[in-house]
Amino acid sequence: MSDDHDHHDGHDDHELRVSKISSGTVIDHVRGGQALNVLAILGIDGSDGEEVSVGMNVPSDRFARKDIVKVEGRELSQDEVDVLSLIAPDATINIVRDYEVVEKHRVERPDVVEGVLSCPNMACISTGDEPVASRFEVLDDGVRCAYCGTIVRDEIPSLIDT
Ligand code: CTP
Ligand code: ZN
């Protein structure tokens, strides 16, 4: 009569759907729907042969659903983590070596990001010919260009300098 047992096993199967990595970075607890933006921020489009696993809308203890991105053989730069924090504010960065998690930290939203996003305003001083580094203030729900005040919320991934 009871299907309790199946229920528990089912949950564990979901957690194991994306296989473990041997060394690299696991970006966990990404907001559901943001995995492709995480790939964009990391410059991953599949063309350079990097081994990457993505789970979308997998069950999570902390949220109803989460995305997860596993990058084999790579650790992230602080700039990459800073930008990730804007679209995945609850993400956990796990550094894996020899199949073990050797470091785990939550992303922290910086007050300012410099030189990693470009302002979408073509008239902005930061997008002109003069070499002015871009500078965005981080808001609760987006970023604001420190030069022209343009506010960007949902389109942050499209501002990433490549
Ligand atoms: N992971 C992985 N490959 C490994 C080790 C861990 O892909 N060799 C993944 C796990 O599947 C998990 C994440 O890295 O999604 C973090 O691993 P771990 O700290 O062992 O899991 P939890 O304790 O559940 O993490 P948290 O407490 O942050 O939710
Ligand atoms: Zn601007």
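As the structure is a computational prediction, the values presented were derived from the model and not from experiment. Order of listing sets the numbers, starting from 1, for every ligand and every atom in it.
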Engineer: Go through ligand 1 atom by atom and flag the ones less than 4.0 Å from a non-hydrogen atom of Lys70.
Structural biologist: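 The list of qualifying atoms is 2 (C), 7 (O), 9 (C), 11 (O).
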
Engineer: Find all atoms of ligand 1 within a distance of less than 4.0 Å from any non-hydrogen atom belonging to Ile21, and give their numbers and elements.
Structural biologist: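 Listed by number with element: 2 (C), 3 (N), 4 (C), 7 (O), 8 (N).
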
Engineer: Got Arg74 and Glu80 here, is their nearest side-chain heavy-atom distance under 4.5 Å?
Structural biologist: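 Side chain of Arg74 against side chain of Glu80, heavy atoms only: contact under 4.5 Å found.
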
Engineer: As an exercise, identify every atom of ligand 1 less than 4.0 angstrom from a heavy atom of Val96.
Structural biologist: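 Answer, ordered by atom number: 4 (C), 8 (N).
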
Engineer: Where on Ile68 is there a heavy atom closer than 4.0 Å to ligand 1, on the side chain, on the backbone, on both, or on neither?
Structural biologist: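 It is the side chain that touches ligand 1; the backbone stays farther off.
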
Engineer: Determine whether Asp111 and Val138 make a side-chain contact, defined as any pair of heavy atoms from C-beta on separated by less than 4.5 Å.
Structural biologist: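 Result no, sub-4.5 Å side-chain heavy-atom pair not found.
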
Engineer: If you count heavy atoms of other groups shown closer than 6.0 angstrom to CZ of Arg135, is the number above 12?
Structural biologist: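 12 or below, so no.
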
Engineer: Walk me through whether Asp45 and Ser47 qualify under side-chain hydrogen bond (donor to acceptor under 3.5 Å, both in side chains).
Structural biologist: CA-CA 6 Å; Asp45 65 4; Ser47 67; 2.6 Å; yes

Engineer: Is the shortest heavy-atom distance from the side chain of Ile68 to the side chain of Val54 under 4.5 Å?
Structural biologist: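 With C-beta onward as the side chain, the pair stays apart.
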
Engineer: Has ligand 1 got any nitrogen or oxygen that is less than 3.5 angstrom from a nitrogen or oxygen of Glu100?
Structural biologist: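 N/O-N/O distance under 3.5 Å: no.
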
Engineer: Decide whether an N or O pair under 3.5 Å exists between Tyr99 and ligand 1.
Structural biologist: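 Yes; at least one N/O pair falls below 3.5 Å.
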
Engineer: Taking side chain to side chain donor-acceptor pair (under 3.5 Å) as the definition, give me every residue that meets it alongside Glu137, ordered by chain and number, with sequence neighbours left out.
Structural biologist: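 Scan of Glu137 (side chain to side chain donor-acceptor pair (under 3.5 Å), adjacent residues dropped) gives Arg144.
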
Engineer: Ignoring hydrogens, what is the shortest heavy-atom contact between Asn57 and Arg65? Give both atom names and the distance.
Structural biologist: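 The pair with the smallest heavy-atom distance is O-NH1, 3.0 Å.
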
Engineer: Heavy atom to atom 13 (C) of ligand 1, shortest distance: which of Thr92, Asp61, Asp28 holds it?
Structural biologist: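 It is Asp28 whose heavy atom sits nearest to atom 13 (C) of ligand 1.
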
Engineer: Give me the protein N, O or S atoms that fall under 2.8 Å of the Zn ion (ligand 2), sorted by chain and residue number.
Structural biologist: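 Metal shell, protein only: Cys119 SG, Cys124 SG, Cys145 SG, Cys148 SG.
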
Engineer: To the nearest 0.5 angstrom, please state how far the CD atom of Glu51 sits from the NZ atom of Lys70.
Structural biologist: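 Between Glu51 CD and Lys70 NZ, I get 11.5 Å after rounding to 0.5 Å.
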
Engineer: Around Ile125, counting heavy atoms of other residues, nucleotides and ligands shown, do more than 12 lie under 6.0 Å from its CD1?
Structural biologist: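 At most 12 heavy atoms, drawn from other residues, nucleotides or ligands, come within 6.0 Å of this atom.
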
Engineer: Show the atoms of ligand 1 that are less than 4.0 angstrom away from any heavy atom in Lys104.
Structural biologist: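 Within the 4.0 Å cut-off of Lys104, ligand 1 contributes 16 (C), 18 (P), 19 (O), 25 (O), 26 (P), 27 (O), 28 (O).
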
Engineer: Rounded to the nearest 0.5 Å, how far does CZ of Arg97 lie from OG of Ser22?
Structural biologist: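 Between atom OG of Ser22 and atom CZ of Arg97 there are 12.5 Å.
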
Engineer: With heavy atoms of His29 as the reference, note each atom of ligand 1 found under 4.0 Å away.
Structural biologist: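 Near His29, the atoms of ligand 1 are 26 (P), 28 (O), 29 (O).
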
